[in-house]
Number of protein chains: 2
Amino acid sequence: MTYQTTLTALADPTRRQIFEAVAAEPSSVGLLAVQLPVSRPAVSQHLKALSDAGLVNVTKQGTRNIYAACPDGLADLRRYLEQLWGDVLTSFANDIAKESQSD
Amino acid sequence: MTYQTTLTALADPTRRQIFEAVAAEPSSVGLLAVQLPVSRPAVSQHLKALSDAGLVNVTKQGTRNIYAACPDGLADLRRYLEQLWGDVLTSFANDIAKESQSD
DNA sequence: TAGTTTGGTAAGTCATTCCTTACGGTAAGT
DNA sequence: ACTTACCGTAAGGAATGACTTACCAAACTA
């Protein structure tokens, strides 16, 4: 459940679509499947990937499994991205400085 | 050059490694290749993907092509992630509220 | 208890992707 | 002009991944 897992989980379009859907409102597997262009097992497999990435959690409700968004996975990715953002900005600033120096 | 492209670009481990390397310091293609477990053409292809995602830019220096990190691609991804982060937090808070309501 | 609803898993297929070697092309050095 | 250094692209192969259908398990319902 590191940011690598989260990154690959969110890279897939339909998986990201599923995540955005449960972030808007928690939902069951079948309900998600009928709203998407893929089959129910596909949704189930995507939800497993999202769960492994710490992006969703499940609560059983009778025979239904309700999936909801959870912040854990995103928190790690956010930290990594902010760190990267800082590094890129300083690197970019250095490049500008060196460039104007050689003018 | 939307956040989708950036997301898939950063999802690959060696490609992310290349991006972090040029973010630490701009470098040529061959210099990156000798530091990585992949061939020089592989690095070149990865750099093309990073360039398409707006994550790097090139400056020719004789026969050498110097790649440097650029903030454009990351900016879009950051915006998307912050938006998503907000949605997830509010959704998560709502779930907690509903849960304590049913106790 | 029998039937229905809901989901996860297995097995297999098809597309994508990451990597390789081979080749061509441009710029600098002698 | 010839060689050397450096790089991008083409073509192909191997691995990964996303999706399907088929099947099985668990929990409500009548």
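A straight line from CD of A:Gln61 to C1' of C:dT5 spans 14 Å, rounded to a whole angstrom. Taking atom CG of residue A:Leu31 and atom C1' of nucleotide C:dG7, one finds them 14 Å apart after rounding to whole Å. Between the NZ atom of A:Lys60 and the C1' atom of C:dT5 there is a distance of 13 Å, given to the nearest Å.
The side-chain heavy atoms of A:Cys70 and A:Asn57, taken from C-beta on, include a pair separated by under 4.5 Å. At a threshold of 4.5 Å between non-hydrogen side-chain atoms, the residues B:Asp76 and B:Thr2 do not count as touching. Inter-residue side-chain proximity for B:Val43 and B:Leu36 is flagged as met; some heavy-atom pair is nearer than 4.5 Å. A:Leu55 is not listed as a side-chain neighbour of A:Ser51, based on a closest heavy-atom distance of 4.5 Å or more. Side-chain atoms of A:Trp85 and B:Arg78, non-hydrogen and from C-beta on, do get closer than 4.5 Å to each other.
One finds a side-chain N or O of A:Arg64 lying less than 4.0 angstrom from the OP1 or OP2 phosphate oxygen of C:dT6. Between A:Tyr67 and the phosphate of C:dG8, there is a side-chain N or O to OP1/OP2 separation shorter than 4.0 Å. Close to C:dG8, at under 4.0 Å from its OP1 or OP2, lies a side-chain N or O of A:Asn65.
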Give the table of side-chain donor-acceptor pairs shorter than 3.5 Å for residues 14-34 of chain B, with sequence neighbours excluded, one pair per line with atom names and distance.
unit_1: B:Thr14; atom_1: OG1; unit_2: B:Asp12; atom_2: OD2; d: 2.9
unit_1: B:Thr14; atom_1: OG1; unit_2: B:His46; atom_2: NE2; d: 3.3
unit_1: B:Arg15; atom_1: NE; unit_2: B:Ala9; atom_2: O; d: 2.9
unit_1: B:Arg15; atom_1: NH2; unit_2: B:Thr8; atom_2: O; d: 3.1
unit_1: B:Arg16; atom_1: NH1; unit_2: A:Gln4; atom_2: OE1; d: 2.9
unit_1: B:Arg16; atom_1: NH1; unit_2: B:Leu10; atom_2: O; d: 2.9
unit_1: B:Arg16; atom_1: NH2; unit_2: A:Gln4; atom_2: OE1; d: 2.4
unit_1: B:Glu20; atom_1: OE2; unit_2: A:Tyr80; atom_2: OH; d: 2.6
unit_1: B:Ser28; atom_1: OG; unit_2: B:Leu31; atom_2: N; d: 3.3

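For the residue pair B:Gly73 and B:Thr6, the shortest heavy atom distance occurs at O-OG1, 3.5 Å.
When the nucleotides C:dA22, C:dA11, C:dC18 are ranked by their closest atom to the side chain of A:Gln45, C:dA11 comes out on top. The listed nucleotides are C:dT20, C:dC19, C:dG7; the one nearest the side chain of B:His46 is C:dC19.
Pair assignment for D:dG13 gives C:dC18, based on Watson-Crick or G-U wobble hydrogen-bonding distances that are each under 3.5 Å.
Protein chain B contacts DNA chain D from D:dC6 to D:dA10, reading 5' to 3' and using non-hydrogen atoms of the protein with a distance under 4.0 Å.
Under the 4.5 Å side-chain heavy-atom criterion for Ile, Leu, Val, Met, Phe, Trp and Tyr, B:Leu89 and A:Leu77 are members of the same hydrophobic cluster. No continuous path of hydrophobic side-chain contacts links B:Val58 to B:Ile66 [ILVMFWY only; heavy atoms under 4.5 Å].
Both B:Val29 and A:Pro37 sit near DNA chain D, but only B:Val29 has its closest nucleotide nearer the 5' end. Heavy-atom distances to DNA chain D give each of A:Thr8 and B:Thr63 a nearest nucleotide, and the one nearer the 5′ end belongs to B:Thr63.
For the segment residues 15-24 of chain A, the set of residues with a heavy atom within less than 4.0 Å of an atom of DNA chain C is empty.
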